[in-house]
Amino acid sequence: MKKILFATNNQNKVKELRETLAKMGFELLTNRDLDNPPEVVENGRTFEDNAVLKAHALATYSNLPTIADDSGLMVDKLNGQPGVRSARYAGDHNDARNNAKLLAELGGVPTEKRTATFYSTIVVSYPGKFDQDLIVTGSTDGVITTIPQGENEFGYDPLFYIPEKKKTYAEMTVAEKNEISHRGKALKQITALLPGWLESVE
Ligand code: ITT
């Protein structure tokens with residue numbers, strides 16, 4: 001099996017990508033499998049900037065083709081916040097505090113004005129070929145609930161409700177979420193493009 005690195009410390013993201021890449025014949029390694037991987041300062045202005053920072057840093061370190069995802073939630077009523085700062089909205093990667101802050105910021109806002117969009121940018125980089133990055137994006141519209149719903153504990157999932165499915169992301173299985181999610185949509189494009197892209201850069 002060909003090795004590919006997913007430059008992430010987020011095991012929930014790994015769950016959402018692993019099976020698809022395995023079906024394509026890739027063994028998915030992550031930062032956990034590396035000895036002392038570099039910590040990337042995600043100070044880009046956009047999801048793409050940050051995904052590129054992660055993909056390039058870890059491809060250089062590992063010498064492996066490397067996938068990175070940068071994602072976040074843009075809430076209309078909050079002028080697109082938390083956006084690229086989604087992981088650090090109320091505290092560094094503290095999902096409970098981030099969710100509590102989001103609910104507090106939207107206190108008293110009626111359902112029809114609680115609209116939001118989840119975005120994901122996935123970048124795949126090949127060591128030494130950073131001018132040929134593969135870049136895809138996916139987005140999904142939803143509504144921010146007033147109370148958390150669902151068991152799955154990934155980030156804002158319990159607050160992100162999909163009206164067509166009558167479920168939050170946290171009430172979906174990984175497969176159900178991948179069908180409609182921001183990351184799932186980006187991943188579908190990766191599935192289509194990765195084999196040809198790898199051939200062209202290798
Ligand atoms: P990396 O190691 O991959 O950078 P991260 O958790 O820091 O992991 P990001 O920098 O992309 O990831 O931050 C995105 C934040 O947005 C993440 O911490 C979650 O809180 C949230 N998020 C992204 N995708 C999500 C999803 O599918 N469901 C729920 N929350 C999500």
Side-chain angles (χ1 to χ4, degrees), residues 5-18 20 28-34 37-59 61-62 66-75 78 80-103 116-125 136-145 148-162 165 167-188:
L5 178 71
F6 186 10
T8 186
N9 297 303
N10 186 323
Q11 297 313 306
N12 290 303
K13 290 185 183 179
V14 178
K15 269 193 220 155
E16 294 181 8
L17 262 70
R18 190 182 291 285
T20 302
L28 192 67
L29 306 180
T30 76
N31 290 11
R32 267 193 185 174
D33 300 302
L34 303 176
E39 282 213 11
V40 180
V41 181
E42 295 181 38
N43 56 5
R45 280 184 42 246
T46 64
F47 297 120
E48 182 175 320
D49 288 346
N50 284 335
V52 165
L53 285 171
K54 290 184 263 195
H56 288 187
L58 274 297
Y61 185 75
S62 66
T66 299
I67 300 174
D69 162 283
D70 201 69
S71 41
L73 182 62
M74 301 183 79
V75 179
L78 304 178
Q81 293 297 313
V84 286
R85 296 187 57 258
S86 290
R88 292 157 278 139
Y89 189 39
D92 201 10
H93 288 90
N94 187 324
D95 291 341
R97 281 181 55 198
N98 287 341
N99 285 358
K101 179 171 175 180
L102 181 58
L103 289 180
T117 304
F118 240 128
Y119 286 92
S120 160
T121 297
I122 296 182
V123 172
V124 195
S125 297
V136 300
T137 62
S139 69
T140 297
D141 294 332
V143 175
I144 306 301
T145 58
Q149 282 173 224
E151 298 301 313
N152 142 16
E153 298 268 289
F154 181 4
Y156 299 95
D157 274 2
L159 302 183
F160 194 68
Y161 181 80
I162 308 294
K165 298 286 175 191
K167 282 182 184 178
T168 65
Y169 271 178
E171 294 173 301
M172 298 178 188
T173 63
V174 168
E176 280 173 335
K177 183 179 166 190
N178 268 344
E179 269 302 306
I180 51 104
S181 76
H182 53 303
R183 187 169 300 101
K185 289 173 186 166
L187 185 58
K188 278 200 187 95

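Just so you know, ligand 1 is whichever comes first in the structure, and atom 1 is the first atom listed for that ligand. It should be emphasised that the depicted structure is a prediction, and the values quoted were computed from it without experimental measurement.
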Quick one: does [X]'s side chain get under 4.5 Å of [Y]'s, heavy atoms only?
{"X": "L102", "Y": "L78", "answer": "yes"}
{"X": "H182", "Y": "Y169", "answer": "yes"}
{"X": "L58", "Y": "L34", "answer": "yes"}
{"X": "D70", "Y": "K54", "answer": "yes"}
{"X": "F160", "Y": "T168", "answer": "no"}

Give a yes or no on whether the backbone of F118 and the side-chain of Y156 come within a donor-acceptor separation of less than 3.5 Å.
no

Find all atoms of ligand 1 within a distance of less than 4.0 Å from any non-hydrogen atom belonging to [X], and give their numbers and elements.
{"X": "K177", "result": "26 (C), 27 (O), 28 (N)"}
{"X": "A87", "result": "13 (O), 15 (C), 18 (O)"}
{"X": "G155", "result": "20 (O), 29 (C), 30 (N)"}
{"X": "H93", "result": "5 (P), 6 (O), 7 (O)"}
{"X": "N9", "result": "2 (O)"}
{"X": "D70", "result": "9 (P), 10 (O), 11 (O)"}
{"X": "H182", "result": "24 (N), 25 (C), 26 (C), 27 (O)"}

Protein contact of [atom] - nearest heavy atom, named by residue and atom, plus distance:
{"atom": "atom 24 (N) of ligand 1", "result": "R183 NH2, 2.8 Å"}
{"atom": "atom 3 (O) of ligand 1", "result": "T8 OG1, 2.6 Å"}
{"atom": "atom 6 (O) of ligand 1", "result": "N10 ND2, 2.9 Å"}
{"atom": "atom 10 (O) of ligand 1", "result": "E42 OE1, 2.9 Å"}
{"atom": "atom 12 (O) of ligand 1", "result": "K13 NZ, 2.9 Å"}
{"atom": "atom 4 (O) of ligand 1", "result": "K54 NZ, 2.7 Å"}
{"atom": "atom 25 (C) of ligand 1", "result": "F154 CZ, 3.4 Å"}
{"atom": "atom 14 (C) of ligand 1", "result": "S71 O, 3.0 Å"}

If we only count N/O pairs under 3.5 Å, is [X] in contact with ligand 1?
{"X": "S86", "result": "no"}
{"X": "N98", "result": "no"}
{"X": "D157", "result": "yes"}

What distance do [X] atom [atom1] and [Y] atom [atom2] have between them, rounded to the nearest 0.5 Å?
{"X": "I67", "Y": "T30", "atom1": "CD1", "atom2": "OG1", "value": "11.5 Å"}
{"X": "N31", "Y": "F6", "atom1": "CG", "atom2": "CZ", "value": "9.0 Å"}
{"X": "E16", "Y": "T8", "atom1": "CD", "atom2": "OG1", "value": "10.5 Å"}
{"X": "T145", "Y": "N99", "atom1": "OG1", "atom2": "CG", "value": "8.5 Å"}

Nearest heavy atom to atom 21 (C) of ligand 1 wins, so pick from Y89, Y156, Y119.
Y156

Minimum heavy-atom distance L17-R183, with the two atoms named:
CD1-CD, 3.7 Å

contact_flag F118 ligand 1 heavy-atom lt 4.0 Å:
yes

Before you tell me yes or no, could you show the steps for F154 and N10 under side-chain contact (heavy atoms from CB on, under 4.5 Å), namely the whole-Å CA-CA distance, both residues' side-chain angles and the distance that decides it to 0.1 Å?
CA-CA 9 Å; F154 181 4; N10 186 323; 3.6 Å; yes

